[in-house]
Undergrad: 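Structure below; questions to follow.
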Amino acid sequence: WTAPSSQPLPPLSPKHKVQSNNDWGVTYSPSQGDICAFKGSTVEMKCEYRHPPKSGRTSTNVIETFWITGNYPVSLETQEEYEGRVTNSCDETRGKKSCTLRITDVKESDSAVYKFRFITNLSGGGYTAEPGIRLSVTDPHLTVSVQSRYSSSYKTVKCSSSCLLPSHSTYVWYINSREIDHDKSTYSINSNYLDSVSCAVKGHEDFPAPLIYAPVSPSLSADPSADIFEGSSVTLRCSSKANPPANYTWYKKTKTSILQLHSRVSEFLLNNIQSSASGEYYCVAENQLGKRRSTNLNVDVKYPPRLPSVSVNPPGEIVVEGSVNLTCSSDANPAATYAWYKENTASPAADGPMLTIANIRYEDGGNYYCEARNSRGQHNSTLQLIVVSSKSM
Ligand SMILES: *[C@@H]1O[C@H](CO)[C@@H](O)[C@H](O)[C@H]1NC(C)=O
Ligand SMILES: *[C@@H]1O[C@H](CO)[C@@H](O)[C@H](O)[C@H]1NC(C)=O
Ligand SMILES: *[C@@H]1O[C@H](CO)[C@@H](O)[C@H](O)[C@H]1NC(C)=O
Ligand SMILES: *[C@@H]1O[C@H](CO)[C@@H](O)[C@H](O)[C@H]1NC(C)=O
C-alpha cells in the first residue's frame, strides 16, 4: 500500500473550508484533544468524519482511512515502531462514519499528535483533520482527593490520575505515614484526623501522589508586632502548612464567651483599633483532613487616660477642720499614674491617686487638678473645693 505518497496532499488544515460548507469535517474524541496515558496502557482515539457526498453527479467513495503523526502522511500501521501495537477500526452507523485508533502497550516515544487522514476518490480528495489528539505518555500523575460523608469523621480518599491507567492497576496507600495493604483506588477511613495520605500505583511506587495532609499547627502573629495603639491598624496573620490549602476561622475569647469573627482568610485586619478590641485571639486552620488551632495571641490595645473621675470622701460639704480624701481614677492602658495639683501651685499636692487633706483650713479651698498620665498621654479633671464653716442642716 503506497497510496498516500502518490496522492497530492491537500493543505493540512482545510478546516476553514469545512466550516464554510460543512462538507468535510472530523470530530475527535476525547474532544478536548489531549490525552495522557500511563506507560504500558492501552489508549483509544476516536474520530467521526464526513466528506462531500457528491462531486457533480458522481458520488464520493472513501478509499482509505488511517492515522498519522506529524505532517508526514504515512499510516502508523506501516511504521516499524508501532508494529503489532496499533489497529484502526472503522464503522458506519446511521450515516455516521467513525474510526478508532487503538494503541496498546504505549511507550514514551508514542507521545505525539495523532491525526486522522482519509482519502476519497475525488481528485485531491485526501483530508487530514486538524488539530488531532495530543497523546502524552507519562508517569502516573496521581492525586488524592477526600470526600467526607455523613459526618466529618468518615472520610473516603480516592486515588486518581489525569492519565488513563491500565484497568488492572492496583494501588498502594500511605495513611498517616504507614503503608496500608489495600489495593483499591478508594479507601475509607473512620477518623477525625488524617495526618497525611498518599497513594501510588503498584509497580510504580516511585511516583506517589503528592502528599495531602492536615494543617500543621498554625502560627499566629500580629503585624506590626510592637505595641498596639488605639486608632492604629494591625493585621493578624495565621499561617499553617496544609495540602490542600487550609481555610481559616478566627475567634476572639472574651471573659465570658468565644466569639467567631467574620473572616475566612488567613489574615484578619483590625482597623482603627479601639480598646474594646483587646483580648485573646486565635485561629483555626482546616482542610478536608482535619483542623488545628493556633495558640492564643494577646491583643493589648494601649490608650491614653480617659477623663479621670474624681470621688470625694466623705461625700458632701467640706467642713473646716474636717478631713477629706480626693480620689482620682481613670481608665488607661497601661495603667495611669496620678498626681494632684492645686491651682497656682507648682509642686503636686499629692503623688498618686489620692489626695488627703486633713485639718482643713479655708485656704485649702480652690481649684484642684487631678492628672492621670501614661505613656500614651495625659488627661486632667478639675475639682472645685469649697470649704464651709460647718455642716448646713
Ligand atoms: C468514486 O467512487 C464511486 C463509487 O465507486 C463512483 O460512483 C464514482 O464515480 C467515483 N468518483 C470518481 C470521481 O471517480
Ligand atoms: C473549610 O474547610 C472544610 C474542609 O474542607 C470545610 O468542611 C468547610 O466547609 C470549610 N469552611 C469554609 C467556610 O469554607
Ligand atoms: C482617707 O484615706 C485614708 C487612707 O486610705 C483612710 O485611712 C481614711 O480613713 C480616709 N478618710 C476618709 C475621710 O475617708
Ligand atoms: C494638667 O494639669 C497640669 C497641672 O496644672 C498641667 O501642667 C497640664 O498641662 C494639664 N494637662 C492638660 C492635658 O490639661
Side-chain angles (χ1 to χ4, degrees), residues 3 6-8 10 23-24 51-65 92 97 118-127 143-158 189 191-197 212-216 218 238-251 260-268 283-294 310-329 338 340 349-360 364 368 370 383 385 387 391:
S6 63
Q7 289 264 329
D23 277 347
W24 297 89
H51 53 79
K54 278 179 193 299
S55 166
R57 257 164 296 156
T58 57
S59 53
T60 317
N61 200 24
V62 175
I63 302 168
E64 194 72 48
T65 59
E92 183 168 351
K97 295 178 174 173
F118 65 95
I119 292 161
T120 66
N121 67 347
L122 299 176
S123 85
Y127 181 89
T143 50
V144 183
S145 55
V146 188
Q147 293 123 34
S148 306
R149 277 182 294 161
Y150 317 124
S151 71
S152 62
S153 68
Y154 188 83
K155 298 188 172 90
T156 299
V157 284
K158 187 172 194 296
I189 184 166
S191 163
N192 261 328
Y193 203 85
L194 281 172
D195 268 319
S196 63
V197 181
I212 60 168
Y213 52 95
V216 298
C238 185
S239 73
S240 170
K241 278 194 190 166
N243 188 26
N247 63 28
Y248 295 88
T249 33
W250 288 89
Y251 298 90
Q260 191 183 326
L261 305 171
H262 301 289
S263 174
R264 288 288 173 200
V265 294
S266 64
E267 292 190 349
F268 186 72
C283 61
V284 173
E286 179 180 12
N287 69 8
Q288 290 97 321
L289 284 88
K291 54 176 155 183
R292 269 212 174 123
R293 173 198 195 285
S294 72
V310 169
S311 64
V312 179
N313 241 325
E317 290 173 318
I318 316 290
V319 184
V320 76
E321 287 176 355
S323 160
V324 71
N325 285 340
L326 307 177
T327 308
C328 184
S329 81
Y338 300 90
W340 281 96
D351 259 331
M354 190 163 72
L355 169 63
T356 300
I357 310 172
N359 197 12
I360 298 169
D364 291 327
Y368 285 80
C370 144
L383 174 75
L385 203 70
V387 180
K391 282 196 173 147

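Every number for a ligand or one of its atoms is a count from 1 in the order of the listing.
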Undergrad: Judged on heavy-atom distance to atom 12 (C) of ligand 3, which of T327, N325, V312 sits nearest?
TA: N325
Undergrad: Check whether any side-chain heavy atom of H51 sits under 4.5 Å from a side-chain heavy atom of V62, and report yes or no.
TA: yes
Undergrad: Would you say W250's side chain and V284's backbone share a donor-acceptor pair under 3.5 angstrom?
TA: no
Undergrad: Considering the heavy atoms of N121, write down every atom of ligand 1 situated less than 4.0 Å from one of them.
TA: 1 (C), 2 (O), 3 (C), 8 (C), 10 (C), 11 (N), 12 (C), 13 (C), 14 (O)
Undergrad: Between T60 and P52, is there a donor-acceptor pair closer than 3.5 Å when you use the side chain of the first and the backbone of the second?
TA: yes
Undergrad: Is there at least one protein heavy-atom neighbour under 4.0 Å from atom 9 (O) of ligand 2?
TA: no
Undergrad: Answer yes or no for atom 5 (O) of ligand 3: protein heavy atom present at a distance under 4.0 Å?
TA: yes
Undergrad: For ligand 3, which atoms, with element, lie under 4.0 Å from some heavy atom of M354?
TA: 2 (O), 4 (C), 5 (O)
Undergrad: Report the part of N287 in contact with ligand 2, treating N, CA, C, O as backbone and CB onward as side chain, heavy atoms under 4.0 Å; options are side chain, backbone, both, neither.
TA: backbone
Undergrad: Would you check the N or O atoms of N247, main chain and side chain alike, for any that come under 3.5 Å of an N or O of ligand 2?
TA: yes
Undergrad: Measuring only between side-chain heavy atoms, which start at C-beta, is L289 closer than 4.5 Å to P244?
TA: yes
Undergrad: Note the single closest protein heavy atom to atom 13 (C) of ligand 3, along with its residue, its atom name and the distance in Å.
TA: P314 CD, 3.4 Å
Undergrad: Tell me if a side-chain donor or acceptor on N287 pairs with a main-chain N or O of Y213 at a distance below 3.5 Å.
TA: yes
Undergrad: Classify the contact between T58 and ligand 1 as side chain, backbone, both or neither, using a heavy-atom distance cut-off of under 4.0 Å.
TA: side chain
Undergrad: Please work out which of E286, K291, Q288 has its closest non-hydrogen atom nearest to atom 7 (O) of ligand 2.
TA: E286
Undergrad: Is there a side-chain contact between N247 and R264, using heavy atoms and a 4.5 Å cut-off?
TA: no
Undergrad: Is there side-chain contact between W340 and L326, with at least one heavy-atom pair below 4.5 Å?
TA: yes
